[in-house]
Amino acid sequence: MNARLQAPPQEAAALVAGPPLPLPDGTPLRGWVVTGVLGQGGFGIVYRAEEVGGGAAVAIKEFLPAQLAARREDGSLGPVAASGADTYAAGLAAFVEEARLLARVRHPALVEVIDAWEAQGTAYMAMPLYEGPTLERVIAGHPDGLDEATLREIAAPLLGALGALHAAGVVHRDVSPDNVILRPDAGAVLLDLGAARREIGDRVRATTVMLKAGYAPIEQYAHDPDCPVGPWSDVYALGAVLHHAACGESPPPSALRVMRDTRVALAQRCPERIGPQFSAAIDAAMALRPEDRPASATAFRERLGLPLDPFEAARAAAVDATEHDGSERRRVERRAADRSRARRILGLTVATVAMVAVLAVSVGMWLVAEPPNAPSDLPVDERAATLLPPDPAAGPTSAAPPKPVPPKPATLRLAVSPWAEVWVDGSKRAVTPPTMSIPLNPGERRIELRNPGGETVVRRLDVKAGQTIELGHRFAAPEKR
């Protein structure tokens, strides 16, 4: 794919200066024709399109990273500069992979991908045209918040969609009010995963591009194996969405909550509209520490007191039926294997008896043929060593050298305010918070604490095996304007 996405040759259509424009109405896309623009963001544009010859309208999303791409005169897309070609290609690959994933994972509350294809230097995915406002618009129209009955109707299908994704080994990572559509008669739908935005954000090191403040949990700010992203991360995001919808105000970003948590528990914000069980479950979902949250969509559903998702129930019943059929099949296969094993054992027993008989005859013939004091090619001591077990008192004769034991790593404890990237020997290791300690291999180590609010702090440490090292620093707070 990368080869097709390098800077276009001289004879290719020229790039049009300025931000990439939407495709004009009437542009053919696969078997559809563009009839308008539904929305445009920094990484894609969604068109309304109708099937050629008449038919149901669809929504078609085009991969279009505004800062990296340019529209050519022939309507195709390409990277605006050769230096951004690799990033453009990586984002395009993530977009295509997301389309394939959404085409494979099906749930009534998860956006469906009808078709996906690459063309014109970019990629497209066709989806049903969902009618209804986004949850963001609904919240804006109810500044005092929604009641529990409405929130239950919204949360139930979204938890089902997340459960389907998690069962496929995928974390959504982008649950937010603008990514949810409320269909008047069919319930909530969770929209795209934003994989292209994350891939590009990772490459340009722009966390603010990847994350939506207020909804992203703290582990999505830090690329740290000690603080991994998982289903519990989507639980936090959905809890933040429900918190926003309940009180009409988005919660503070988790990165700020780590330093000073100003969020007021939902149970204290609107007890007249939200029952204690429902509000307590949302507060638990928004715990800063992942281990303090419900660990999965199913666990969150139980805490909220919501019934089992019908789609999940049907899938569980199918799994149970398959397992029952499989158990019966395994019992039949096990009985057949037992009979086969019994036949093999009987055959081995007969063969073993025959071999013993032959061996006995051979030993008898050898005793008759060789005199008791016949000379040997080996000296007496060496011959005895080949026949007798070694004497423990004699000690090892030629023991293998012991394997070297690796030195125990040291521990670097961090106390940094308000936050910093931690670099070790030129490689980024963590972001603190949330990471409060990292292991260090013994030896000379160069530690850097990087924060835009101040100069980089550099420490050179002579690290000893097993020791604990404390490193603290306070960066100046950014000036208010």
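Under the salt bridge (charged side-chain N to carboxylate O under 4.0 Å, His left out) criterion, Arg269 pairs with Glu249, not counting sequence neighbours. By the salt bridge (charged side-chain N to carboxylate O under 4.0 Å, His left out) test, Arg446 is found to be paired with Glu448, residues two or more places apart in sequence or in another chain being considered.
Around CD of Glu455, the count of heavy atoms belonging to other residues, nucleotides or ligands within 6.0 Å does not exceed 12. Within a 6.0 Å sphere centred on CD of Gln67, other residues, nucleotides and ligands contribute 12 heavy atoms or fewer. Remark: His142 NE2 is loosely packed, at most 12 non-hydrogen atoms of other residues, nucleotides or ligands lying under 6.0 Å away.
The existence of a salt bridge linking Arg460 and Glu444 is excluded, since no basic side-chain nitrogen approaches an acidic carboxylate oxygen closer than 4.0 Å. Taking a cutoff of 4.0 Å between a charged side-chain nitrogen and a carboxylate oxygen, Lys464 and Asp462 qualify as a salt bridge. A salt bridge does not link Arg273 to Asp144: none of the charged side-chain nitrogens sits closer than 4.0 Å to a carboxylate oxygen.
With rounding to the nearest 0.5 Å, the separation of CG in Asp234 from CD in Gln220 is 7.5 Å. Taking CD of Glu148 as the start and CG of Leu242 as the end, the distance is 10.5 Å to the nearest 0.5 Å. Distance check: Met125 CE to Trp117 CH2 gives 10.0 Å after rounding to the nearest 0.5 Å.
Between Phe63 and Tyr88, the ring center distance clears the sub-6.0 Å criterion.
Between the side chains of His107 and Asp309, at least one donor N or O lies within less than 3.5 Å of an accepting N or O.
Arg72 places a side-chain N or O within donor-acceptor distance of the main-chain N or O of Leu77, the cut-off being under 3.5 Å.
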(request) Might you work through the side chain to side chain contact (heavy atoms under 4.5 Å, CB included) test for Val105 and Leu165, ending with a clear yes or no? (result) CA-CA 7 Å; Val105 180; Leu165 284 172; 4.3 Å; yes
